[in-house]
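Below, chain A is the first sequence line, B the second, and so on; all start at residue 1.
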Amino acid sequence: MPELPEVQTILDALFPQIIDQPIIDVSVLWEGVIDRPETTLFIAWMKNRRVVSTDRRGKYMLFELDDGRWLVMHLRMTGEMRVIPNSDPYHKHDRLVFHLANGRDWRFKDMRKFGRAYLVEDVQEVIFKLGPEPLSADFSVAHLQKSLAARTAPIKSLLLDQRLVAGIGNIYADEALFRARLHPLRQGGSLSAAEVGRLVEAIQAVIQQALSEMGTTLRDYRRPDGSTGEFQNSLLVFRRTGEPCPSCGTPISRIVVSGRSTHFCSKEQH
DNA sequence: AAGAGACCCTGGATGC
DNA sequence: TGCATCCAGGGTCTCT
């Protein structure tokens with residue numbers, strides 16, 4: 001499941017392979033991958049363009065084209081990006097291919113078909129709801145405290161809401177809550193200023209570390225060169241149900257919050 | 001308005 | 001062994 005660190009890692013590896021390379025043709029292998037505009041227009045607008053810069057907001061990848069439009073892509077659950085020779089046979093799950101002028105293909109593969117591509121004049125059309133980047137100055141204790149005020153939903157659910165803070169998914173929400181020693185079912189508005197401070201620090205620390213370890217590979221996530229991330233070796237609670245808490249030895253608990261599996265230490269997190 | 005739940009998808013794991 | 005069912009979860013939509 002690509003979250004902020006995985007998306008950034010993929011984008012960084014992709015950048016030197018696609019930058020300034022003319023896209024001479026586009027193959028849409030599954031039409032549902034195109035969100036907007038309609039497929040024929042999408043292909044026409046992408047053809048003969050090149051990516052002049054890349055950026056990331058939350059879990060969205062942003063590719064600026066030489067005509068000023070933006071290609072926005074979201075990998076959702078199982079999306080993968082590779083740049084490989086165009087002679088390689090397509091994989092069963094390849095959904096979208098940009099054929100580059102240098103004889104290589106920039107391919108988007110996505111087993112579960114949740115990933116989407118958007119081609120827009122202004123990225124705000126797609127990402128206007130996103131909250132601040134967790135590593136930016138905008139994501140302050142004051143900001144989070146204000147966002148959580150009077151909220152009754154579990155803090156775990158609120159961390160997954162991209163309008164509060166962008167880029168956190170199920171893995172890093174659980175890991176951050178453990179590091180902050182906060183129970184996932186705590187109502188958002190019940191957190192004290194000190195607790196919000198711990199949470200901001202924990203989120204930033206876990207995202208920083210996951211970035212430096214190139215993300216977390218549990219099953220599907222791969223870097224564009226096919227290699228895995230490393231942060232799965234640093235997980236303290238996620239998918240460690242029944243294993244001893246690294247801090248106190250209590251078996252890690254698993255509950256379901258907002259339909260998402262949630263892992264925590266019932267003794268350490270309050 | 002906020003919160004809960006359905007839905008979209010596939011394939012690996014599990015159960016009988 | 002083979003088939004059916006469950007589960008994974010990001011984002012959007014609907015309903016209350």
Side-chain angles (χ1 to χ4, degrees), chain A residues 1-11 28-36 56-62 72-81 90-96 108-118 120 123-131 133-134 144 146-177 184-191 203 207 210 215-222 229 231-232 235 237-242 254-264:
Chain A
M1 311 137 243
E3 305 180 27
L4 186 160
E6 290 75 23
V7 175
Q8 187 66 54
T9 300
I10 291 167
L11 201 49
V28 177
L29 306 181
W30 176 67
E31 287 224 12
V33 71
I34 310 297
D35 183 282
R36 70 189 78 159
R56 178 196 55 71
R57 273 288 279 131
K59 302 169 196 171
Y60 290 86
M61 296 177 164
L62 314 177
V72 180
M73 295 201 66
H74 198 300
L75 304 173
R76 290 293 221 285
M77 307 292 298
T78 56
E80 296 174 48
M81 297 276 201
Y90 285 150
H91 185 277
K92 183 183 173 185
H93 299 139
D94 284 341
R95 307 300 181 196
L96 178 61
F108 175 63
K109 175 180 155 189
D110 183 24
M111 179 181 80
R112 287 173 67 182
K113 298 182 172 175
F114 285 170
R116 291 292 181 271
Y118 315 75
V120 293
V123 294
Q124 287 305 318
E125 291 176 42
V126 181
I127 62 166
F128 65 100
K129 287 180 183 165
L130 291 183
E133 287 292 315
L144 188 58
K146 198 177 165 190
S147 304
L148 294 178
R151 299 293 297 264
T152 60
I155 186 64
K156 167 66 186 277
S157 308
L158 295 172
L159 287 183
L160 297 177
D161 184 343
Q162 304 299 299
R163 293 169 296 188
L164 252 85
V165 53
I168 297 174
N170 210 33
I171 298 173
Y172 301 113
D174 280 7
E175 292 297 308
L177 286 171
L185 290 178
R186 280 284 296 282
Q187 292 193 336
S190 78
L191 269 58
I203 287 169
I207 295 290
T216 304
T217 301
L218 292 170
R219 203 166 98 183
D220 301 301
Y221 164 66
R222 289 289 183 284
F231 193 76
Q232 63 276 12
L235 295 174
V237 290
F238 190 77
R239 296 231 186 132
R240 301 194 60 181
T241 312
R254 178 186 179 276
I255 57 175
V256 175
V257 183
S258 291
R260 304 290 179 252
S261 61
T262 298
H263 314 76
F264 68 104

Give [X] one of three labels, base, sugar-phosphate or nothing, depending on what nucleic acid heavy atoms sit under 4.0 Å from its own.
X: S157(A); value: nothing
X: S261(A); value: sugar-phosphate
X: F238(A); value: sugar-phosphate
X: R239(A); value: sugar-phosphate

Quick check: do K156(A) and N170(A) have side-chain heavy atoms less than 4.5 Å from each other?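 Yes; the side chains approach each other to less than 4.5 Å.
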Below 4.5 Å, heavy atoms only, C-beta onward: do L177(A) and L159(A) meet side chain to side chain?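 Yes, their side chains come closer than 4.5 Å.
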Proximity to DNA chain B (any heavy atom under 4.0 Å), residues of residues 167-176 of chain A only: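 Within residues 167-176 of chain A, no residue comes under 4.0 Å of DNA chain B.
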N-O pairing of E3(A) and K59(A) below 4.0 Å: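 The answer is no: the pair does not qualify as a salt bridge.
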Side-chain donor/acceptor of [X] to backbone N/O of [Y], under 3.5 Å:
X: Q232(A); Y: L218(A); result: no
X: D35(A); Y: R116(A); result: no
X: E133(A); Y: G58(A); result: yes
X: R240(A); Y: L235(A); result: yes

Once you round it to whole Å, what is the distance between [atom2] of [N] and [atom1] of [X]?
X: I155(A); N: dG3(B); atom1: CD1; atom2: P; result: 11 Å
X: D35(A); N: dG10(C); atom1: CG; atom2: P; result: 19 Å
X: H263(A); N: dA8(C); atom1: NE2; atom2: P; result: 8 Å
X: L164(A); N: dG3(B); atom1: CG; atom2: P; result: 10 Å
X: L160(A); N: dA4(B); atom1: CG; atom2: P; result: 12 Å
X: E3(A); N: dG11(C); atom1: CD; atom2: P; result: 9 Å
X: L158(A); N: dA2(B); atom1: CG; atom2: C1'; result: 10 Å
X: R163(A); N: dA1(B); atom1: CZ; atom2: C1'; result: 10 Å

Separation of the [atom1] atoms in [N] and [M], to the nearest angstrom:
N: dC9(B); M: dC3(C); atom1: P; answer: 25 Å
N: dT12(C); M: dG11(B); atom1: P; answer: 24 Å
N: dC6(C); M: dA6(B); atom1: P; answer: 13 Å

[N] OP1/OP2 closer than 4.0 Å to side-chain N/O of [X]:
X: R151(A); N: dA2(B); answer: no
X: Q162(A); N: dG11(C); answer: yes
X: H74(A); N: dG11(C); answer: yes

Interatomic distance, D161(A) atom CG to K129(A) atom NZ [nearest 0.5 angstrom]: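 The CG atom of D161(A) sits 10.0 Å away from the NZ atom of K129(A).
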Go through the structure and list residues passing salt bridge (Lys or Arg N to Asp or Glu O under 4.0 Å) with R112(A), not counting sequence neighbours.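 With sequence neighbours excluded, R112(A) shows a salt bridge (Lys or Arg N to Asp or Glu O under 4.0 Å) to no residue whatsoever.
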Under the side-chain contact (heavy atoms from CB on, under 4.5 Å) test, residues paired with S190(A) that sit two or more places apart: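 Result, side-chain contact (heavy atoms from CB on, under 4.5 Å) vs S190(A): R186(A), Q187(A).
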For G259(A) and V126(A), take the nucleotide of DNA chain C holding the closest heavy atom to each; which residue's nucleotide lies nearer the 5' end?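 Final value for this comparison: G259(A).
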Neighbour count >12 (heavy atoms, 6.0 Å) for atom CD, E125(A):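 Yes, enclosed.
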Over 60° means perpendicular and under 30° means parallel, so classify the ring planes of Y172(A) and F231(A), tilted if in between.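 The rings of F231(A) and Y172(A) sit tilted, inter-plane angle from 30° to 60°.
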Side chain of R254(A), heavy atoms from C-beta onward: which of dG3(B), dA8(C), dG10(C) has the nearest atom to it?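 From the listed options, dA8(C) comes nearest.
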Results of side chain to side chain donor-acceptor pair (under 3.5 Å) for Q124(A) - residues two or more places apart only: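 Testing Q124(A) for side chain to side chain donor-acceptor pair (under 3.5 Å), a comparison that skips the adjacent residues, returns none.
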For DNA chain C, report each stem as range with range, ordered by first number, or say none. Use Watson-Crick or G-U wobble pairs under 3.5 Å, at least 3 in a row.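 Consecutive-pair runs (3 or more) involving DNA chain C: B:2-8 with C:10-16, B:10-16 with C:2-8.
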Heavy atoms under 4.0 Å is the rule here; annotate nucleotides 9-15 of chain B 5' to 3' with B where the base is hit, S where only the sugar-phosphate is, and - elsewhere. BBS----
Does R260(A) or P154(A) map to a spot on DNA chain B nearer the 5' end, using the closest nucleotide for each?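 Residue closer to the 5' terminus by nearest nucleotide: P154(A).
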